[in-house]
Number of protein chains: 2
Amino acid sequence: MPKATVERLPLYLQCLQAIGDSETTVSSDALANVAGVNSANVRKDLSYLGSHGVRGVGYDRLELCAQLRRALGLTDKWPVVIVGVGNLGSALANYQGFDASGFNVIGLYDADPSKIGARVDGQRIKSMEDLELDIKKHEVQMAILTTPAGAAQEVADMLVSVGILSILNFAPALLKLPDTVKCRQVDLATELQILSYYQASRPT
Amino acid sequence: MPKATVERLPLYLQCLQAIGDSETTVSSDALANVAGVNSANVRKDLSYLGSHGVRGVGYDRLELCAQLRRALGLTDKWPVVIVGVGNLGSALANYQGFDASGFNVIGLYDADPSKIGARVDGQRIKSMEDLELDIKKHEVQMAILTTPAGAAQEVADMLVSVGILSILNFAPALLKLPDTVKCRQVDLATELQILSYYQASRPT
DNA sequence: TGGGCATCGTGATTCGTTTCACAAGCGCAC
DNA sequence: GTGCGCTTGTGAAACGAATCACGATGCCCA
Ligand SMILES: NC(=O)c1ccc[n+]([C@@H]2O[C@H](COP(=O)([O-])OP(=O)(O)OC[C@H]3O[C@@H](n4cnc5c(N)ncnc54)[C@H](O)[C@@H]3O)[C@@H](O)[C@H]2O)c1
Ligand SMILES: NC(=O)c1ccc[n+]([C@@H]2O[C@H](COP(=O)([O-])OP(=O)(O)OC[C@H]3O[C@@H](n4cnc5c(N)ncnc54)[C@H](O)[C@@H]3O)[C@@H](O)[C@H]2O)c1
(Lines give C-alpha, C1' and ligand atoms only; values in the text may rest on other atoms or scores of the structure.)
(Ligands and ions follow the chains in the order given, each with its own letter.)
Protein backbone atom coordinates (compact mmCIF):
# COMPACT_ATOMS: atom_id res chain seq x y z
CA MET A 1 0.00 0.00 0.00
CA PRO A 2 1.44 3.43 -0.89
CA LYS A 3 2.87 5.40 2.01
CA ALA A 4 0.63 8.34 1.17
CA THR A 5 -2.42 6.13 1.39
CA VAL A 6 -1.42 4.66 4.74
CA GLU A 7 -1.05 8.14 6.15
CA ARG A 8 -4.58 9.00 5.10
CA LEU A 9 -6.32 5.94 6.51
CA PRO A 10 -6.43 7.30 10.07
CA LEU A 11 -7.92 10.47 8.67
CA TYR A 12 -10.72 8.55 7.01
CA LEU A 13 -11.37 6.69 10.22
CA GLN A 14 -11.57 9.95 12.10
CA CYS A 15 -13.93 11.42 9.50
CA LEU A 16 -16.21 8.43 9.64
CA GLN A 17 -16.45 8.79 13.38
CA ALA A 18 -17.16 12.50 12.99
CA ILE A 19 -19.96 11.75 10.53
CA GLY A 20 -21.60 9.73 13.27
CA ASP A 21 -24.40 7.25 12.89
CA SER A 22 -26.88 9.47 11.11
CA GLU A 23 -25.99 7.83 7.81
CA THR A 24 -25.67 4.12 7.22
CA THR A 25 -23.79 4.70 3.99
CA VAL A 26 -21.05 7.12 2.84
CA SER A 27 -20.05 8.09 -0.68
CA SER A 28 -16.46 8.75 -1.66
CA ASP A 29 -17.56 12.28 -2.41
CA ALA A 30 -18.98 12.87 1.05
CA LEU A 31 -15.91 11.41 2.72
CA ALA A 32 -13.65 13.41 0.44
CA ASN A 33 -15.37 16.63 1.42
CA VAL A 34 -15.03 16.01 5.12
CA ALA A 35 -11.44 14.84 4.81
CA GLY A 36 -10.45 17.60 2.44
CA VAL A 37 -9.12 15.37 -0.31
CA ASN A 38 -10.10 14.48 -3.86
CA SER A 39 -12.86 11.91 -4.18
CA ALA A 40 -10.99 9.85 -6.75
CA ASN A 41 -8.16 9.75 -4.30
CA VAL A 42 -10.47 8.43 -1.62
CA ARG A 43 -11.75 5.71 -3.91
CA LYS A 44 -8.26 4.70 -4.92
CA ASP A 45 -7.18 4.60 -1.30
CA LEU A 46 -10.15 2.52 -0.27
CA SER A 47 -9.67 0.17 -3.19
CA TYR A 48 -6.43 -0.97 -1.55
CA LEU A 49 -8.48 -2.28 1.35
CA GLY A 50 -10.14 -4.70 -1.01
CA SER A 51 -13.10 -2.68 0.11
CA HIS A 52 -16.15 -3.07 -1.98
CA GLY A 53 -18.28 -0.03 -2.17
CA VAL A 54 -21.59 -0.36 -3.92
CA ARG A 55 -21.95 1.55 -7.18
CA GLY A 56 -24.72 4.04 -7.02
CA VAL A 57 -24.77 3.91 -3.22
CA GLY A 58 -21.40 4.27 -1.57
CA TYR A 59 -19.65 2.45 1.23
CA ASP A 60 -21.32 0.93 4.23
CA ARG A 61 -20.18 3.13 7.06
CA LEU A 62 -19.71 0.50 9.73
CA GLU A 63 -18.15 -2.02 7.41
CA LEU A 64 -15.75 0.62 6.13
CA CYS A 65 -14.77 1.53 9.68
CA ALA A 66 -14.11 -2.09 10.41
CA GLN A 67 -12.05 -2.48 7.26
CA LEU A 68 -9.99 0.59 8.02
CA ARG A 69 -9.36 -0.65 11.51
CA ARG A 70 -8.36 -4.04 10.23
CA ALA A 71 -6.03 -2.55 7.64
CA LEU A 72 -4.40 -0.36 10.28
CA GLY A 73 -3.92 -3.33 12.54
CA LEU A 74 -6.29 -2.00 15.17
CA THR A 75 -8.21 -5.19 15.77
CA ASP A 76 -6.65 -5.59 19.20
CA LYS A 77 -5.40 -2.83 21.45
CA TRP A 78 -1.66 -2.33 21.22
CA PRO A 79 0.10 -2.09 24.54
CA VAL A 80 2.36 0.96 24.65
CA VAL A 81 4.78 2.42 27.17
CA ILE A 82 5.57 6.05 27.87
CA VAL A 83 9.20 6.77 28.69
CA GLY A 84 10.09 10.08 30.34
CA VAL A 85 7.26 11.31 32.50
CA GLY A 86 7.89 15.05 32.59
CA ASN A 87 5.57 17.77 31.38
CA LEU A 88 4.76 16.19 28.10
CA GLY A 89 4.85 12.58 29.23
CA SER A 90 2.39 13.37 32.01
CA ALA A 91 0.04 15.10 29.61
CA LEU A 92 0.09 12.06 27.36
CA ALA A 93 -0.43 9.76 30.31
CA ASN A 94 -3.50 11.76 31.27
CA TYR A 95 -4.82 11.67 27.75
CA GLN A 96 -8.04 9.74 27.48
CA GLY A 97 -8.01 9.36 23.71
CA PHE A 98 -5.66 6.37 23.53
CA ASP A 99 -8.30 3.80 24.17
CA ALA A 100 -10.60 5.07 21.47
CA SER A 101 -7.73 4.98 19.00
CA GLY A 102 -6.72 1.41 19.71
CA PHE A 103 -3.93 1.72 22.25
CA ASN A 104 -3.46 0.92 25.87
CA VAL A 105 -0.82 2.63 27.99
CA ILE A 106 0.47 -0.19 30.14
CA GLY A 107 3.16 1.73 31.98
CA LEU A 108 4.97 5.00 32.66
CA TYR A 109 8.71 5.02 33.22
CA ASP A 110 11.31 7.57 34.24
CA ALA A 111 14.97 7.61 35.19
CA ASP A 112 14.54 10.20 37.93
CA PRO A 113 14.37 8.36 41.30
CA SER A 114 12.36 11.20 42.83
CA LYS A 115 9.58 10.58 40.31
CA ILE A 116 9.35 6.86 40.70
CA GLY A 117 6.29 5.84 42.66
CA ALA A 118 4.38 9.03 41.94
CA ARG A 119 0.99 8.51 40.37
CA VAL A 120 -0.20 9.99 37.10
CA ASP A 121 -3.74 9.27 36.04
CA GLY A 122 -3.85 6.33 38.41
CA GLN A 123 -0.66 4.73 37.16
CA ARG A 124 2.49 4.50 39.24
CA ILE A 125 5.65 5.78 37.59
CA LYS A 126 8.12 2.94 37.40
CA SER A 127 11.86 2.59 37.01
CA MET A 128 13.87 1.94 33.89
CA GLU A 129 14.58 -1.57 35.15
CA ASP A 130 10.86 -2.21 35.37
CA LEU A 131 10.58 -0.88 31.84
CA GLU A 132 12.87 -3.56 30.49
CA LEU A 133 11.05 -6.26 32.39
CA ASP A 134 7.59 -5.05 31.43
CA ILE A 135 8.43 -4.78 27.74
CA LYS A 136 9.70 -8.32 27.71
CA LYS A 137 6.90 -9.65 29.82
CA HIS A 138 4.03 -8.08 27.90
CA GLU A 139 5.80 -8.24 24.54
CA VAL A 140 5.31 -4.52 24.07
CA GLN A 141 6.30 -3.35 20.62
CA MET A 142 5.43 0.34 20.69
CA ALA A 143 6.94 3.08 22.81
CA ILE A 144 6.33 6.79 23.22
CA LEU A 145 9.52 8.66 23.93
CA THR A 146 9.27 11.90 25.89
CA THR A 147 12.66 12.24 27.50
CA PRO A 148 14.90 15.26 26.97
CA ALA A 149 16.61 15.25 23.58
CA GLY A 150 19.97 14.43 25.15
CA ALA A 151 18.76 11.14 26.56
CA ALA A 152 16.64 10.10 23.58
CA GLN A 153 19.22 8.11 21.63
CA GLU A 154 20.42 6.20 24.65
CA VAL A 155 16.90 5.36 25.75
CA ALA A 156 15.91 4.40 22.22
CA ASP A 157 18.85 2.02 21.97
CA MET A 158 17.76 0.34 25.14
CA LEU A 159 14.16 0.09 23.98
CA VAL A 160 15.25 -1.48 20.73
CA SER A 161 17.51 -3.92 22.53
CA VAL A 162 14.59 -5.28 24.52
CA GLY A 163 12.23 -5.64 21.58
CA ILE A 164 10.50 -2.35 20.80
CA LEU A 165 9.76 -2.09 17.08
CA SER A 166 7.90 1.22 16.77
CA ILE A 167 8.79 4.50 18.42
CA LEU A 168 6.83 7.71 18.55
CA ASN A 169 9.48 10.26 19.39
CA PHE A 170 8.64 13.68 20.79
CA ALA A 171 12.22 14.63 21.62
CA PRO A 172 13.78 16.97 19.07
CA ALA A 173 16.54 14.50 18.29
CA LEU A 174 17.14 12.40 15.20
CA LEU A 175 17.36 8.82 16.31
CA LYS A 176 19.72 6.39 14.65
CA LEU A 177 17.85 3.13 14.61
CA PRO A 178 18.16 -0.20 12.86
CA ASP A 179 15.86 -0.22 9.88
CA THR A 180 13.76 -2.94 11.42
CA VAL A 181 12.48 -0.27 13.79
CA LYS A 182 9.94 2.24 12.59
CA CYS A 183 10.01 5.70 14.09
CA ARG A 184 7.81 8.73 13.73
CA GLN A 185 8.91 12.12 14.85
CA VAL A 186 6.56 14.68 16.32
CA ASP A 187 8.27 18.00 16.52
CA LEU A 188 6.54 21.09 17.73
CA ALA A 189 9.36 23.41 16.73
CA THR A 190 9.38 22.03 13.20
CA GLU A 191 5.65 22.53 12.84
CA LEU A 192 5.80 26.09 14.05
CA GLN A 193 8.72 26.86 11.79
CA ILE A 194 6.85 25.57 8.78
CA LEU A 195 3.95 27.82 9.71
CA SER A 196 6.45 30.63 10.15
CA TYR A 197 7.68 30.14 6.60
CA TYR A 198 4.24 30.54 5.11
CA GLN A 199 3.45 33.37 7.46
CA ALA A 200 6.61 35.24 6.49
CA SER A 201 6.19 34.68 2.79
CA ARG A 202 2.66 35.96 2.59
CA PRO A 203 1.93 38.45 -0.16
CA THR A 204 1.58 41.49 2.05
CA MET B 1 9.71 26.96 -2.98
CA PRO B 2 8.34 23.40 -3.11
CA LYS B 3 6.27 22.31 -0.15
CA ALA B 4 8.50 19.29 0.38
CA THR B 5 11.54 21.54 0.60
CA VAL B 6 9.93 23.90 3.10
CA GLU B 7 9.15 20.95 5.34
CA ARG B 8 12.78 19.92 5.36
CA LEU B 9 14.29 23.28 6.17
CA PRO B 10 13.62 23.03 9.91
CA LEU B 11 15.26 19.62 9.81
CA TYR B 12 18.40 21.05 8.30
CA LEU B 13 18.45 23.77 10.91
CA GLN B 14 18.14 21.21 13.65
CA CYS B 15 20.91 19.10 12.12
CA LEU B 16 23.24 22.06 11.87
CA GLN B 17 22.67 22.80 15.52
CA ALA B 18 23.33 19.17 16.37
CA ILE B 19 26.59 19.23 14.45
CA GLY B 20 27.70 22.00 16.75
CA ASP B 21 30.63 24.32 16.26
CA SER B 22 33.32 21.76 15.75
CA GLU B 23 33.20 22.32 12.01
CA THR B 24 33.13 25.69 10.31
CA THR B 25 31.94 24.15 7.08
CA VAL B 26 29.43 21.44 6.12
CA SER B 27 29.14 19.48 2.90
CA SER B 28 25.81 18.47 1.42
CA ASP B 29 26.90 14.92 1.97
CA ALA B 30 27.55 15.40 5.68
CA LEU B 31 24.27 17.20 6.18
CA ALA B 32 22.45 14.56 4.15
CA ASN B 33 23.82 11.80 6.35
CA VAL B 34 22.75 13.48 9.56
CA ALA B 35 19.35 14.42 8.19
CA GLY B 36 18.77 11.07 6.56
CA VAL B 37 18.10 12.37 3.06
CA ASN B 38 19.83 12.19 -0.30
CA SER B 39 22.68 14.65 -0.78
CA ALA B 40 21.45 15.84 -4.16
CA ASN B 41 18.18 16.57 -2.47
CA VAL B 42 19.96 18.67 0.14
CA ARG B 43 21.78 20.62 -2.55
CA LYS B 44 18.62 21.23 -4.50
CA ASP B 45 16.81 22.34 -1.37
CA LEU B 46 19.59 24.70 -0.39
CA SER B 47 19.81 26.09 -3.88
CA TYR B 48 16.34 27.57 -3.35
CA LEU B 49 17.78 29.70 -0.59
CA GLY B 50 20.00 31.40 -3.11
CA SER B 51 22.58 29.86 -0.88
CA HIS B 52 26.01 29.67 -2.35
CA GLY B 53 28.07 26.78 -1.20
CA VAL B 54 31.68 26.63 -2.26
CA ARG B 55 32.63 23.85 -4.66
CA GLY B 56 35.22 21.57 -3.23
CA VAL B 57 34.49 22.84 0.29
CA GLY B 58 30.82 22.89 1.25
CA TYR B 59 28.58 25.40 2.97
CA ASP B 60 29.63 27.79 5.69
CA ARG B 61 27.84 26.46 8.75
CA LEU B 62 26.93 29.74 10.38
CA GLU B 63 25.97 31.46 7.17
CA LEU B 64 23.78 28.51 6.24
CA CYS B 65 22.06 28.64 9.62
CA ALA B 66 21.40 32.30 9.12
CA GLN B 67 20.04 31.71 5.63
CA LEU B 68 17.75 28.94 6.81
CA ARG B 69 16.46 31.12 9.58
CA ARG B 70 15.88 33.97 7.20
CA ALA B 71 14.07 31.73 4.72
CA LEU B 72 11.86 30.36 7.47
CA GLY B 73 11.02 33.87 8.64
CA LEU B 74 12.73 33.40 11.98
CA THR B 75 14.58 36.68 12.03
CA ASP B 76 12.36 38.00 14.81
CA LYS B 77 10.55 35.98 17.43
CA TRP B 78 6.93 35.34 16.58
CA PRO B 79 4.51 35.98 19.39
CA VAL B 80 2.16 33.02 19.89
CA VAL B 81 -0.78 32.28 22.15
CA ILE B 82 -1.80 28.98 23.68
CA VAL B 83 -5.55 28.42 23.89
CA GLY B 84 -6.87 25.70 26.18
CA VAL B 85 -4.60 25.20 29.16
CA GLY B 86 -5.35 21.63 30.17
CA ASN B 87 -2.92 18.74 30.30
CA LEU B 88 -1.39 19.35 26.95
CA GLY B 89 -1.60 23.13 26.96
CA SER B 90 0.19 23.24 30.31
CA ALA B 91 2.94 20.97 29.05
CA LEU B 92 3.45 23.22 26.08
CA ALA B 93 3.40 26.30 28.29
CA ASN B 94 6.14 24.77 30.41
CA TYR B 95 8.18 23.87 27.37
CA GLN B 96 11.44 25.76 27.24
CA GLY B 97 12.23 25.04 23.60
CA PHE B 98 10.07 27.77 22.08
CA ASP B 99 12.59 30.50 22.51
CA ALA B 100 15.37 28.58 20.82
CA SER B 101 13.09 27.87 17.87
CA GLY B 102 12.08 31.47 17.29
CA PHE B 103 8.81 31.80 19.18
CA ASN B 104 7.59 33.57 22.25
CA VAL B 105 4.51 32.47 24.15
CA ILE B 106 2.88 35.74 25.10
CA GLY B 107 -0.19 34.36 26.79
CA LEU B 108 -2.21 31.38 27.98
CA TYR B 109 -5.99 31.39 27.71
CA ASP B 110 -8.81 29.17 28.85
CA ALA B 111 -12.58 29.28 28.98
CA ASP B 112 -12.83 27.60 32.37
CA PRO B 113 -13.33 30.32 35.03
CA SER B 114 -11.78 28.10 37.69
CA LYS B 115 -8.50 28.04 35.78
CA ILE B 116 -8.25 31.73 35.11
CA GLY B 117 -5.65 33.35 37.30
CA ALA B 118 -3.73 30.15 37.93
CA ARG B 119 -0.09 30.32 37.02
CA VAL B 120 1.72 28.00 34.64
CA ASP B 121 5.44 28.48 34.19
CA GLY B 122 5.15 31.97 35.62
CA GLN B 123 2.34 33.08 33.31
CA ARG B 124 -1.17 33.79 34.52
CA ILE B 125 -3.94 32.00 32.67
CA LYS B 126 -6.22 34.61 31.17
CA SER B 127 -9.79 34.71 29.92
CA MET B 128 -11.07 34.39 26.38
CA GLU B 129 -11.93 38.10 26.42
CA ASP B 130 -8.32 38.87 27.23
CA LEU B 131 -7.32 36.61 24.35
CA GLU B 132 -9.19 38.72 21.85
CA LEU B 133 -7.74 41.90 23.24
CA ASP B 134 -4.18 40.57 23.42
CA ILE B 135 -4.22 39.24 19.86
CA LYS B 136 -5.34 42.58 18.55
CA LYS B 137 -3.00 44.56 20.75
CA HIS B 138 0.14 42.56 20.01
CA GLU B 139 -0.87 41.71 16.45
CA VAL B 140 -0.42 38.03 17.17
CA GLN B 141 -0.70 35.89 14.04
CA MET B 142 0.02 32.41 15.36
CA ALA B 143 -1.99 30.34 17.81
CA ILE B 144 -1.60 26.92 19.37
CA LEU B 145 -4.92 25.22 19.89
CA THR B 146 -5.19 22.68 22.70
CA THR B 147 -8.85 22.74 23.60
CA PRO B 148 -11.03 19.62 23.47
CA ALA B 149 -11.99 18.61 19.94
CA GLY B 150 -15.56 19.75 20.46
CA ALA B 151 -14.58 23.33 21.11
CA ALA B 152 -11.85 23.54 18.49
CA GLN B 153 -13.90 24.83 15.55
CA GLU B 154 -15.65 27.47 17.57
CA VAL B 155 -12.42 28.70 19.11
CA ALA B 156 -10.66 28.64 15.74
CA ASP B 157 -13.41 30.76 14.21
CA MET B 158 -12.96 33.31 16.93
CA LEU B 159 -9.19 33.33 16.53
CA VAL B 160 -9.52 33.87 12.81
CA SER B 161 -12.02 36.65 13.31
CA VAL B 162 -9.55 38.61 15.41
CA GLY B 163 -6.61 38.20 13.07
CA ILE B 164 -4.88 34.87 13.62
CA LEU B 165 -3.38 33.56 10.38
CA SER B 166 -1.60 30.38 11.44
CA ILE B 167 -2.92 27.67 13.72
CA LEU B 168 -1.12 24.69 15.16
CA ASN B 169 -3.98 22.41 16.12
CA PHE B 170 -3.57 19.55 18.58
CA ALA B 171 -7.26 18.79 18.85
CA PRO B 172 -8.35 15.77 16.81
CA ALA B 173 -10.79 17.83 14.80
CA LEU B 174 -10.67 18.92 11.18
CA LEU B 175 -11.00 22.67 11.15
CA LYS B 176 -12.87 24.47 8.43
CA LEU B 177 -10.93 27.64 7.86
CA PRO B 178 -10.76 30.34 5.21
CA ASP B 179 -7.88 29.57 2.89
CA THR B 180 -6.07 32.69 4.02
CA VAL B 181 -5.42 30.83 7.25
CA LYS B 182 -2.75 28.15 7.39
CA CYS B 183 -3.25 25.26 9.76
CA ARG B 184 -1.11 22.31 10.73
CA GLN B 185 -2.52 19.37 12.53
CA VAL B 186 -0.62 17.40 15.15
CA ASP B 187 -2.43 14.22 15.92
CA LEU B 188 -1.10 11.65 18.31
CA ALA B 189 -3.71 9.04 17.44
CA THR B 190 -2.95 9.34 13.74
CA GLU B 191 0.77 8.89 14.33
CA LEU B 192 0.25 5.83 16.46
CA GLN B 193 -2.16 4.35 13.96
CA ILE B 194 0.36 4.77 11.16
CA LEU B 195 2.92 2.98 13.28
CA SER B 196 0.32 0.34 13.98
CA TYR B 197 -0.13 -0.24 10.27
CA TYR B 198 3.54 -0.95 9.70
CA GLN B 199 3.73 -2.96 12.87
CA ALA B 200 0.80 -5.13 11.85
CA SER B 201 1.99 -5.64 8.28
CA ARG B 202 5.46 -6.78 9.20
CA PRO B 203 6.71 -9.91 7.52
CA THR B 204 6.50 -12.18 10.53
C1' DT C 1 -39.28 -5.16 -15.71
C1' DG C 2 -36.63 -1.61 -17.65
C1' DG C 3 -34.67 3.08 -17.70
C1' DG C 4 -32.27 6.60 -15.36
C1' DC C 5 -29.30 8.06 -11.91
C1' DA C 6 -25.75 7.90 -8.57
C1' DT C 7 -21.50 6.13 -7.56
C1' DC C 8 -17.69 3.01 -7.83
C1' DG C 9 -13.30 1.17 -9.86
C1' DT C 10 -9.56 2.12 -12.57
C1' DG C 11 -6.64 3.14 -16.87
C1' DA C 12 -4.53 7.26 -18.64
C1' DT C 13 -2.64 11.60 -17.64
C1' DT C 14 -0.56 15.16 -15.15
C1' DC C 15 2.00 16.87 -11.58
C1' DG C 16 5.52 17.21 -8.05
C1' DT C 17 9.51 15.17 -6.03
C1' DT C 18 13.58 12.45 -5.77
C1' DT C 19 17.53 10.58 -7.65
C1' DC C 20 21.13 10.24 -11.00
C1' DA C 21 24.96 11.87 -13.35
C1' DC C 22 28.21 14.96 -14.66
C1' DA C 23 30.29 19.41 -16.03
C1' DA C 24 31.98 23.41 -13.71
C1' DG C 25 34.55 25.53 -10.02
C1' DC C 26 37.38 26.08 -6.05
C1' DG C 27 41.41 25.17 -3.09
C1' DC C 28 45.42 23.05 -1.91
C1' DA C 29 49.77 20.72 -2.58
C1' DC C 30 53.79 20.41 -4.89
C1' DG D 1 51.48 27.92 -11.76
C1' DT D 2 49.52 23.60 -12.80
C1' DG D 3 47.07 19.51 -11.76
C1' DC D 4 44.21 16.76 -8.80
C1' DG D 5 40.57 15.75 -5.69
C1' DC D 6 36.49 17.25 -3.66
C1' DT D 7 32.05 19.33 -3.80
C1' DT D 8 28.59 22.14 -5.77
C1' DG D 9 24.71 23.23 -9.01
C1' DT D 10 21.60 21.52 -12.15
C1' DG D 11 19.58 19.28 -16.43
C1' DA D 12 17.59 14.84 -17.38
C1' DA D 13 15.51 10.63 -16.01
C1' DA D 14 12.88 7.91 -12.87
C1' DC D 15 9.53 7.54 -9.63
C1' DG D 16 5.39 8.06 -6.98
C1' DA D 17 1.18 10.28 -6.12
C1' DA D 18 -2.90 13.15 -7.42
C1' DT D 19 -6.24 14.03 -10.65
C1' DC D 20 -9.01 13.30 -14.59
C1' DA D 21 -12.25 10.87 -17.21
C1' DC D 22 -15.20 7.41 -18.19
C1' DG D 23 -17.00 2.64 -18.54
C1' DA D 24 -19.24 -0.57 -15.50
C1' DT D 25 -22.62 -1.58 -12.30
C1' DG D 26 -26.13 -1.78 -8.75
C1' DC D 27 -30.31 0.52 -6.88
C1' DC D 28 -34.70 2.70 -7.03
C1' DC D 29 -38.92 3.73 -8.89
C1' DA D 30 -42.30 4.03 -12.48
N1 LIG E 1 6.75 19.98 26.89
C2 LIG E 1 6.46 20.24 25.64
O3 LIG E 1 5.48 20.88 25.36
C4 LIG E 1 7.30 19.75 24.54
C5 LIG E 1 7.02 20.17 23.27
C6 LIG E 1 7.78 19.70 22.22
C7 LIG E 1 8.80 18.83 22.47
N8 LIG E 1 9.07 18.46 23.72
C9 LIG E 1 10.14 17.52 23.96
O10 LIG E 1 9.65 16.45 24.69
C11 LIG E 1 10.61 16.00 25.60
C12 LIG E 1 10.05 16.06 26.98
O13 LIG E 1 9.67 17.39 27.30
P14 LIG E 1 9.20 17.77 28.75
O15 LIG E 1 8.80 19.17 28.71
O16 LIG E 1 8.23 16.78 29.22
O17 LIG E 1 10.57 17.63 29.56
P18 LIG E 1 10.72 17.28 31.09
O19 LIG E 1 12.10 17.65 31.46
O20 LIG E 1 9.59 17.84 31.85
O21 LIG E 1 10.56 15.71 31.14
C22 LIG E 1 11.54 14.82 30.76
C23 LIG E 1 11.44 13.60 31.66
O24 LIG E 1 12.35 12.62 31.19
C25 LIG E 1 13.01 12.06 32.30
N26 LIG E 1 14.30 11.53 31.87
C27 LIG E 1 15.46 12.18 31.71
N28 LIG E 1 16.43 11.36 31.31
C29 LIG E 1 15.87 10.15 31.21
C30 LIG E 1 16.37 8.88 30.85
N31 LIG E 1 17.64 8.72 30.48
N32 LIG E 1 15.53 7.86 30.86
C33 LIG E 1 14.25 8.01 31.23
N34 LIG E 1 13.72 9.18 31.56
C35 LIG E 1 14.53 10.25 31.57
C36 LIG E 1 13.13 13.16 33.28
O37 LIG E 1 13.29 12.65 34.60
C38 LIG E 1 11.81 13.88 33.10
O39 LIG E 1 10.82 13.36 33.93
C40 LIG E 1 11.79 16.90 25.43
O41 LIG E 1 12.70 16.28 24.55
C42 LIG E 1 11.23 18.11 24.78
O43 LIG E 1 12.17 18.75 23.98
C44 LIG E 1 8.32 18.89 24.76
N1 LIG F 1 -3.19 15.36 26.44
C2 LIG F 1 -2.64 14.76 25.42
O3 LIG F 1 -1.65 14.09 25.55
C4 LIG F 1 -3.21 14.88 24.08
C5 LIG F 1 -2.70 14.12 23.08
C6 LIG F 1 -3.21 14.25 21.79
C7 LIG F 1 -4.23 15.12 21.58
N8 LIG F 1 -4.74 15.83 22.57
C9 LIG F 1 -5.80 16.76 22.30
O10 LIG F 1 -5.43 18.02 22.80
C11 LIG F 1 -6.55 18.67 23.30
C12 LIG F 1 -6.30 19.02 24.76
O13 LIG F 1 -6.07 17.86 25.49
P14 LIG F 1 -5.92 17.91 27.05
O15 LIG F 1 -5.56 16.56 27.50
O16 LIG F 1 -5.03 19.04 27.42
O17 LIG F 1 -7.42 18.22 27.49
P18 LIG F 1 -7.88 18.99 28.78
O19 LIG F 1 -9.33 18.72 28.93
O20 LIG F 1 -6.97 18.71 29.90
O21 LIG F 1 -7.68 20.52 28.42
C22 LIG F 1 -8.53 21.23 27.60
C23 LIG F 1 -8.59 22.66 28.11
O24 LIG F 1 -9.33 23.44 27.21
C25 LIG F 1 -10.20 24.28 27.96
N26 LIG F 1 -11.34 24.61 27.14
C27 LIG F 1 -12.47 23.90 26.93
N28 LIG F 1 -13.31 24.55 26.12
C29 LIG F 1 -12.70 25.69 25.80
C30 LIG F 1 -13.08 26.78 24.99
N31 LIG F 1 -14.24 26.80 24.31
N32 LIG F 1 -12.22 27.81 24.87
C33 LIG F 1 -11.06 27.78 25.53
N34 LIG F 1 -10.64 26.77 26.30
C35 LIG F 1 -11.47 25.75 26.44
C36 LIG F 1 -10.57 23.48 29.16
O37 LIG F 1 -10.97 24.35 30.21
C38 LIG F 1 -9.27 22.76 29.47
O39 LIG F 1 -8.46 23.53 30.32
C40 LIG F 1 -7.72 17.72 23.15
O41 LIG F 1 -8.38 18.05 21.97
C42 LIG F 1 -7.06 16.39 23.01
O43 LIG F 1 -7.82 15.52 22.24
C44 LIG F 1 -4.24 15.74 23.82
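Residue numbering restarts at 1 for every chain, and letters A, B, ... go by the order of the sequence lines.
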For nucleotides 24-26 of chain D, print each protein N/O atom paired with a nucleotide N/O atom at under 3.5 Å, atom names and distance only.
residue : atom : partner : partner atom : Å
D:dA24  : N3   : A:Arg55 : NH1          : 2.8

Problem - B:Glu7: side chain to side chain donor-acceptor pair (under 3.5 Å) partners, not counting sequence neighbours - result: B:Arg184

Handout entry: Between CD1 on residue A:Ile144 and CD on residue B:Glu191, distance to nearest 0.5 Å
Key = 11.0 Å

Handout entry: B:Asp112: side chain to side chain contact (heavy atoms under 4.5 Å, CB included) partners, not counting sequence neighbours
Key = B:Asp110, B:Ser114, B:Lys115

Problem - With B:Glu129 via side chain to side chain donor-acceptor pair (under 3.5 Å) - residues at least two apart - result: B:Ser127

Practice task
Could you identify which residues of residues 33-41 of chain B place a heavy atom less than 4.0 Å from some atom of DNA chain C, listed by residue number, or say none?
Solution key: B:Asn38, B:Ala40, B:Asn41

Practice task
Can you tell me which residue pairs pass the salt bridge (Lys or Arg N to Asp or Glu O under 4.0 Å) test with a partner in residues 34-45 of chain B, sequence neighbours excluded?
Solution key: B:Arg8-B:Asp45

Completion exercise
Residues at least two apart in sequence or cross-chain that pass side chain to side chain donor-acceptor pair (under 3.5 Å) with A:Ser27, listed by chain then number, are none

Exercise for the section: Just jot down the side chain to side chain donor-acceptor pair (under 3.5 Å) partners of B:Gln14, sequence neighbours excluded, or say none. Expected result: none

Exercise for the section: Kindly state each residue pair satisfying salt bridge (Lys or Arg N to Asp or Glu O under 4.0 Å) with at least one member in residues 52-66 of chain B, sequence neighbours excluded. Expected result: none

Practice task
Could you check which residues of residues 4-11 of chain B get a heavy atom under 4.0 Å from DNA chain C? Sort them by number, please.
Solution key: B:Ala4, B:Arg8

Polar atoms only, N or O, under 3.5 Å: list the protein pairs with nucleotides 12-14 of chain D and their distances.
residue : atom : partner : partner atom : Å
D:dA12  : N6   : B:Lys44 : NZ           : 3.2

Handout entry: Covered region of DNA chain C, 5' end to 3' end, by chain B [heavy atoms, under 4.0 Å]
Key = C:dT17 to C:dG27

